Amino acid sequence: MTLIDIIRFLIVLGLVIVVHELGHLIVAKWVGARVERFSIGFGRKLFGITWHDTEYIVSLLPLGGYVKISGMEPGDELKGEPWEFLSLSVWRRTAVVLAGPVMNFALAVFIYYVLFIAAGDPVITTTTIGLVRDGGVGWEIGLRVGDRIVQVNNTPITSWDDLSSTPEIFTSGDLTFQIEREGNPIQKHLSPPPAVGTLESQFTEEQMAERLNRDGLLVRTVQKDSPAAQAGLVPGCVITSVNGQPLVSARELADQIAEQYTQTEDRTFVAKPLRLAWLDPNDAIQEAELQPNLFFPAEDAEPYHPKARIGIVFTPEETVRDVFIPFHGRLDIAPRLEPIVGAVKEGSPAEKAGLATGSRVIDINGEPLGDWNVLVDKVLAAYSVEGETARGVPLELTWITPLQEVHTGTVTPEVKAETIPSHRGLTTGEKVFVAQLGLSRQTERIHYGIIGAAPKAVEKMRDVCSMMFFFIYKVVKGDYSSKNLGGPVAIAQLAAETGRWGFEKFFDFIALLSANLAILNLLPIPPLDGGHVVLYLAQGARKRPVTLKQMETFGKIGIILIIPLMLYFFFNDLERVGLFRWMKGLLEAIWPG
């Protein structure tokens, strides 16, 4: 980590902490409390000033801050003065405590507001297909690269966002697509076969989550009269192996089944039997040999070949490719995006090679390039694995600069082990190798005025908070791995990473962290702000004042709860930076075998 990365970390943490503590300070003075000290950081005082009876200081450890109000600490001597904290009414004390999280929410909304005005909201306006996943639904009905989607059923499609956000496309069984191919209108139909029951009709949400976390793949639906139905598979079964081999991903299973055919000497296609093992809904082990059906796609499908099917739909599992390429969730198609660079990450392989914002990549490894997603696809695959480490495979790129100069260079992707936001990643904390050049694409944006940006900022804040509450709920419930949690080191890494991408991502991260701090502080756990609110509300309900002794006890309970949690975050941080892998390697080097 460089000096500039450390400065970014201090800016991020300093801003969200100052705003939080400033909220406590302002409201405390407003309701008549005496504020003795306003500190940024903990521990030993580095420097400060005194102004209007309040000492403003910066302390040694920049991992938080505090506002010291007279009569709030257990060691304070109470004289019954009206400006002492415990002399304030319940609503005044509650207002002081809530002011910190409220200010953090306000900071996040303000940042989003400015970003919507200055940077705008990125959108994908095209409806032209750039990638069609071989074997996917789009391929089956004959959608091709270059097709422009005009309408789905009776709904006009004017952008890729329309295609991704229209509920009918995901919920309707039969779909009719109006597309334009080389200037000619074409109609395509999608009519899936009927299913035998659904997963949701047989299991509760908790039961589905439990089965989803099994080692195997959860069957969501089984099509009527299919080979799978005849073999006894039903929704809720967990497939554990195919042809005796354990499964790695849902995508692998789909590919293995689809390729279960051969071609005879007279060029006739014949399906090959396969053997599946699975756990039925009662957790009994079942095994059977299935003879797949051969399915032929639309005549204009590219590439044209049959596909073996057994008639199941399983719960999809996102891969690295799905995270970085905007594939449509049902159709398995991605938009065609101009291969123009929107931003270059500081210190990345792309920057070192000379790529700059506005450059157009026109060739990769000698192949002409007309779609950003094709570039992403090739970069993600450009690495080799040796033991527990991975190395990037060099790529030959040709690009045109904004000054219309043609450059060619060798760029080797940087490969990191990361947890991707898929179900498997969130539930297990599993890391996968991700190869990156440090480029982001140029995007079209919707810019909002000073009035229109306000509701968008509030909407963004609402979505972020909903996501965070859902994540916390899943972690507490045990559905998501606590390995996804982190402390100061994780914040420092993200501050450095987003800072290297430029101001937009950097301030977007500050807004996210500020909202995160607000939500965590509202949890009803002592000594967090939410815990104090619970204490004061209990006092109001009992109509009896809180004593310093009770607050001291309350604080001790909080320490017992918080310290193990902080230590766990710190443990995750050390694991994240590879300390334990380094120690393991050192021990193996000292004592081999």
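Computed from a prediction, not measured in an experiment: that's the story for all the values here.
Listed by chain and residue number, Arg37 satisfy the side-chain hydrogen bond (donor to acceptor under 3.5 Å, both in side chains) test with Tyr66 (two or more places apart in sequence, or in another chain). Checked against side-chain hydrogen bond (donor to acceptor under 3.5 Å, both in side chains), Thr125 has the following partners two or more places apart in sequence or in another chain: Glu444. Residues passing the side chain to side chain contact (heavy atoms under 4.5 Å, CB included) test with Met468, sequence neighbours excluded: Val464, Leu512, Ala515, Asn516, Ile519.
Shown here for Ile510 and Ile111, the closest heavy-atom pair between the two residues is CG2-CD1, 3.7 Å. Nearest approach of Gly342 to Thr357, heavy atoms of both residues: O-CG2, 3.2 Å. Scanning both residues, Pro413 and Val393, for their nearest heavy atoms gives CD-O, 3.2 Å. Taking each heavy atom of Gly23 and Ala99 in turn, the nearest pair found is O-CB, 3.1 Å. The minimum heavy-atom distance linking Ser159 with Ile124 is given by the pair CB-O, 3.4 Å. The two residues Leu88 and Pro82 come nearest to each other via the heavy atoms CD2-O, 3.8 Å.
No donor-acceptor pair closer than 3.5 Å links the side chain of Arg44 to the backbone N or O of Leu60. Remark: side-chain polar atoms of His24 are paired, donor with acceptor, to backbone N or O of Val96 under 3.5 angstrom. Under the 3.5 Å distance criterion, the side-chain polar atoms of Thr498 are left unmatched by any main-chain donor or acceptor of Phe509. Without hydrogens or angle criteria, Ser165 side chain to Asp161 main chain gives a donor-acceptor distance under 3.5 Å. A donor-acceptor contact shorter than 3.5 Å links the side chain of His328 to the backbone of Leu163.
Salt bridge present: Lys345 and Glu497 bring a charged side-chain N and a carboxylate O closer than 4.0 Å. A salt bridge is defined here as a Lys NZ or Arg NE, NH1 or NH2 lying under 4.0 Å from an Asp or Glu carboxylate O, and Arg321 with Asp377 meets this definition. In this structure, Glu346 pairs ionically with Arg8, as a charged nitrogen and a carboxylate oxygen lie closer than 4.0 Å.
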Apply side-chain contact (heavy atoms from CB on, under 4.5 Å) to residues Ser89 and Arg93 and explain how you reach the verdict.
CA-CA 6 Å; Ser89 63; Arg93 272 178 280 160; over 6 Å; no
Go through it in stages, so that I can follow the logic: the residues are Glu414 and Ser348, the test is side-chain contact (heavy atoms from CB on, under 4.5 Å), and I'd like the CA-CA distance, side-chain angles, deciding distance and then a yes or no.
CA-CA 8 Å; Glu414 180 182 23; Ser348 66; 5.6 Å; no
Given side-chain hydrogen bond (donor to acceptor under 3.5 Å, both in side chains), test Thr158 with Asp162 step by step and report yes or no.
CA-CA 7 Å; Thr158 60; Asp162 287 347; 2.6 Å; yes
Before giving the answer on side-chain contact (heavy atoms from CB on, under 4.5 Å), spell out for Tyr56 and Leu25 the whole-Å C-alpha distance, their side-chain angles and the decisive distance to 0.1 Å.
CA-CA 11 Å; Tyr56 298 85; Leu25 173 75; 3.8 Å; yes
Residue pair Lys45, Glu55: steps toward the salt bridge (charged side-chain N to carboxylate O under 4.0 Å, His left out) verdict:
CA-CA 11 Å; Lys45 170 184 172 181; Glu55 184 183 21; 2.7 Å; yes
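In this model, a donor atom of one side chain and an acceptor atom of the other lie less than 3.5 Å apart for Thr2 and Asp5. Using a 3.5 Å distance cut-off with no hydrogens or angles, the side chains of His532 and Asn521 do not pair a donor with an acceptor. Of the N and O atoms on the side chains of Ser39 and Ser59, at least one donor lies less than 3.5 Å from an acceptor on the other residue.
Atom NZ of Lys431 sits about 4.0 Å away from atom OG1 of Thr419, to the nearest 0.5 Å. Atom CG of Asn104 and atom CG of Asp529 lie 9.0 Å apart (nearest 0.5 Å). The CD1 atom of Ile26 sits 11.5 Å away from atom CD of Glu21, with the distance rounded to the nearest 0.5 Å. We find the CG-CG distance between Leu522 and Leu98 to be 6.5 Å, quoted to the nearest 0.5 Å. Atom-to-atom distance recorded for Thr54:OG1 and Ile69:CD1 is 10.0 Å, nearest 0.5 angstrom. Atom CZ of Arg92 and atom OG1 of Thr94 lie 11.5 Å apart (nearest 0.5 Å).
The environment of Trp30 atom CH2 is sparse: at most 12 non-hydrogen atoms of other residues, nucleotides or ligands sit within 6.0 angstrom. Counting heavy-atom neighbours within 6.0 Å of Phe503 CZ, excluding the residue itself, gives a total of 12 or less. Summarising the local packing, CG of Leu403 is surrounded by more than 12 heavy atoms from other residues, nucleotides or ligands at distances under 6.0 Å.
Glu36 places a side-chain heavy atom less than 4.5 Å from the side chain of Lys68. Taking 4.5 Å as the limit, every side-chain heavy atom of Arg391 sits out of range of all side-chain heavy atoms of Tyr383. With a 4.5 Å cut-off on side-chain heavy atoms, Ile40 and Ile57 do not count as touching. Between Leu395 and Thr410 there is no side-chain heavy-atom pair separated by less than 4.5 Å. Side-chain atoms of Arg445 and Val123, non-hydrogen and from C-beta on, never get closer than 4.5 Å to each other. When side chains are defined from C-beta on, Pro339 does not count as touching Leu375, because their heavy atoms never get closer than 4.5 Å. The closest side-chain heavy-atom distance from Leu513 to Val12 is below 4.5 Å. Looking at heavy atoms from C-beta onward, Phe470 lies out of side-chain contact with Ser466 at the 4.5 angstrom threshold.
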Solution key, residues 434-442 side-chain donor-acceptor pairs under 3.5 Å, sequence neighbours excluded:
unit_1: Ser440; atom_1: OG; unit_2: Ala343; atom_2: N; d: 3.4

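For residues 100-125, the set of pairs meeting the salt bridge (Lys or Arg N to Asp or Glu O under 4.0 Å) definition, not counting sequence neighbours, comprises Asp121-Lys456. Among residue pairs with one or both ends in residues 103-124, those qualifying as ring-ring contact (aromatic ring centres under 6.0 Å, His included) are Phe116-Tyr448; sequence neighbours excluded.
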